[in-house]
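Scope of the values below: all heavy atoms of this structure, side chains included, with no hydrogens, waters or symmetry mates. By convention in this document, chain letters (A, B, ...) are assigned in the order of the sequence lines, proteins followed by strands, and residues within each chain are numbered from 1.
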Protein chains: 2
Amino acid sequence: MNAQSVTTHLRTLGHRISRAREAIIEIFSSTTKPLTAIDVLLTLEKVGLPVNKTTVYRELEFLLAQHLLQEVQIESGIIHYESAAQDHHHHLICQTCKQIVAVDPKEIEQGIDKLARRVRINEGFTISDHSLEFYGHCAHCQ
Amino acid sequence: MNAQSVTTHLRTLGHRISRAREAIIEIFSSTTKPLTAIDVLLTLEKVGLPVNKTTVYRELEFLLAQHLLQEVQIESGIIHYESAAQDHHHHLICQTCKQIVAVDPKEIEQGIDKLARRVRINEGFTISDHSLEFYGHCAHCQ
DNA sequence: GCACTATATGCAAACTAGTTGCGTTTGTCA
DNA sequence: TGACAAACGCAACTAGTTTGCATATAGTGC
Ligand SMILES: [Mn+2]
Ligand SMILES: [Mn+2]
Ligand SMILES: [Zn+2]
Ligand SMILES: [Zn+2]
């Protein structure tokens, strides 16, 4: 899902495409990195489209409600967002330089699903989502 | 590791055992639930040992530095702590009532380790830790 | 038991991420 | 081009957490 098709989609739903909205959609469709509200704010400043932080927060909330973004549970304290138009995946987080890399752990999803079924039987818990993040050090920060 | 042995350990390291410290150690050694600073604060009040929130935050930081507590990556925004004297495990989080249940997914650790090795080879990332949390609904909140 | 001293504590103030109310601007469409 | 709701900016607010500094207290030695 590229930026163009996202804005078209929103327009058909009757939503406006303001400059800020368009720019934020563009930011998320051109990276796979999970971004924070502050990341978005700073990127907009760099691109010469400064907006108020409230606008950024409200826009992230809006795009989340439209299922165009999804929250990523990384470190505690700061919400990260990434495009929802990505296959399910998990993350490697470098504890030194804080960079985040996506990892697509197909081989583990089966095990996770099996566990989810067992948990449902044993604990009566139905699982609708999971987060799996890896912490360590990237090649540079060894 | 029970509360008694923890305080003895701290004493040998030259740390004092204040009433608040003792009570907080007791709280964490008598539950497996991950607790927030506020949880601890309220529990201390209930037990008739009210302390300032700053004390709670400083004590959690202290016990974390002593490796007697560990942070748990749950929802963003609030840091949860649990006793470090527990086997490695993960959590089920009910999205309705917010209760947290521990799950010991031995069957999945192998898969996670295999993935960690693959990631090390492919991406040059060395993984030292991971977090895996499940989100869903408990038996009560279906 | 009493004094000493560093550690732990309380309080107030600051800080950060995020939220809310409200008046103003702007995108869309007639 | 004008109407009007959606989006925006601003300022004030909140919750969780941190910091500086003065006071209280646990542990040691007398
Ligand atoms: Mn997965
Ligand atoms: Mn594990
Ligand atoms: Zn790194
Ligand atoms: Zn529940």
Side-chain angles (χ1 to χ4, degrees), chain A residues 3-4 6-27 34-45 47-66 68-69 71-81 98, chain B residues 3-4 6-27 34-45 47-66 68-69 71-81 98:
Chain A
Q4 178 61 40
V6 168
T7 54
T8 304
H9 170 71
L10 287 177
R11 255 189 253 267
T12 66
L13 292 176
H15 298 291
R16 295 186 189 170
I17 306 302
S18 65
R19 278 191 234 165
R21 177 162 295 164
E22 190 166 33
I24 292 174
I25 290 167
E26 178 57 36
I27 288 169
L35 304 175
T36 65
I38 309 296
D39 291 336
V40 173
L41 192 79
L42 294 177
T43 305
L44 289 173
E45 273 175 22
V47 186
L49 241 154
V51 293
N52 192 272
K53 63 175 177 163
T54 307
T55 302
V56 173
Y57 281 109
R58 284 202 269 236
E59 195 56 33
L60 294 177
E61 190 183 5
F62 170 81
L63 294 173
L64 189 65
Q66 301 299 316
L68 296 170
L69 291 185
E71 283 189 0
V72 181
Q73 307 287 341
I74 301 182
E75 283 173 295
S76 53
I78 307 152
I79 305 175
H80 288 71
Y81 298 85
K98 309 297 179 196
Chain B
Q4 178 61 41
V6 167
T7 54
T8 305
H9 171 71
L10 287 177
R11 255 189 254 266
T12 64
L13 292 177
H15 298 290
R16 295 186 189 172
I17 306 302
S18 65
R19 278 190 234 165
R21 178 162 295 166
E22 191 165 33
I24 292 173
I25 289 167
E26 178 57 36
I27 288 169
L35 305 174
T36 65
I38 309 295
D39 291 336
V40 172
L41 192 78
L42 295 177
T43 306
L44 289 174
E45 273 174 23
V47 186
L49 242 153
V51 294
N52 191 271
K53 62 178 175 161
T54 308
T55 302
V56 173
Y57 281 108
R58 282 201 271 238
E59 195 57 32
L60 294 176
E61 190 184 7
F62 170 81
L63 295 172
L64 189 65
Q66 302 299 317
L68 296 169
L69 292 184
E71 284 189 358
V72 181
Q73 309 286 341
I74 302 182
E75 283 172 294
S76 54
I78 307 152
I79 304 175
H80 288 72
Y81 298 84
K98 309 298 177 194

Looking only at heavy atoms, what is the nearest atom pair of B:Gln4 and B:Thr7, with distance? O-OG1, 2.8 Å
Closest approach of A:Lys53 and A:Leu41, non-hydrogen atoms and distance? CA-CD1, 3.7 Å
From B:Ile25 atom CD1 to B:Glu22 atom CD, the distance as rounded to the nearest 0.5 Å: 7.5 Å
Any side-chain heavy atom of B:Leu10 sitting closer than 4.5 Å to one from B:Leu68? yes
In terms of heavy-atom contacts, B:Glu26 and B:Ala3 come closest through OE1-CB, 3.3 Å
I want to check something: taking the side chain as every heavy atom from C-beta on, are A:Leu44 and A:Ile27 in contact at a cut-off of under 4.5 Å? yes
Take the protein atom CD1 of A:Ile38 and the nucleotide atom P of C:dT19, then report the distance between them rounded to whole Å. 12 Å
Specify the closest pair of heavy atoms between A:Val51 and A:Ala20, including all atoms of both residues, with the distance to one decimal. CG1-CB, 3.8 Å
Between which nucleotides of DNA chain D, read 5' to 3', does contact with chain B run, using atoms under 4.0 Å from its heavy atoms? D:dG16 to D:dG27
Near DNA chain C, counting only heavy atoms under 4.0 Å, which residues of residues 53-62 of chain A show up? A:Lys53, A:Thr54, A:Tyr57, A:Arg58
Test side-chain contact (heavy atoms from CB on, under 4.5 Å) applied to A:Glu59 - qualifying residues, sequence neighbours left out: A:Arg21, A:Ile24, A:Phe62, A:Leu63
Within this structure, what is the CG-to-C1' distance between B:Leu49 and C:dT9, rounded to whole angstrom? 13 Å
Would one find more than 12 heavy atoms of other residues, nucleotides or ligands at under 6.0 Å from atom CD of B:Glu45? yes
Expressed as a whole number of angstroms, how long is the span from A:Arg21:CZ to C:dT25:C1'? 15 Å
To 10°, what angle do the rotation axes through the five end pairs on each side of the helix from C:dG1-D:dC30 to C:dA30-D:dT1 form? 30°
Interface polar pairs with nucleotides 28-30 of chain C, N/O, under 3.5 angstrom:
from	atom 1	to	atom 2	distance (Å)
C:dT28	OP1	A:Arg11	NH1	2.8
C:dT28	OP1	A:Ile17	N	2.8

Among all residues two or more places apart in sequence or in another chain, which pass the side-chain contact (heavy atoms from CB on, under 4.5 Å) test with A:Ile38? A:Thr36, A:Leu42, A:Tyr57
Which atom of A:Val56 lies closest to which atom of A:Ala37, heavy atoms considered: CG1-O, 3.5 Å
Rounded to whole Å, how long is the line connecting atom CG of A:Asn52 with atom P of C:dT20? 15 Å
Would you give the length of the straight line joining atom CD1 of B:Ile79 to atom CG of B:Leu69, rounded to the nearest 0.5 angstrom? 12.0 Å
Locate the shortest heavy-atom distance separating A:Pro34 from A:Asp39; write the atom from each residue and the value. O-OD2, 4.4 Å
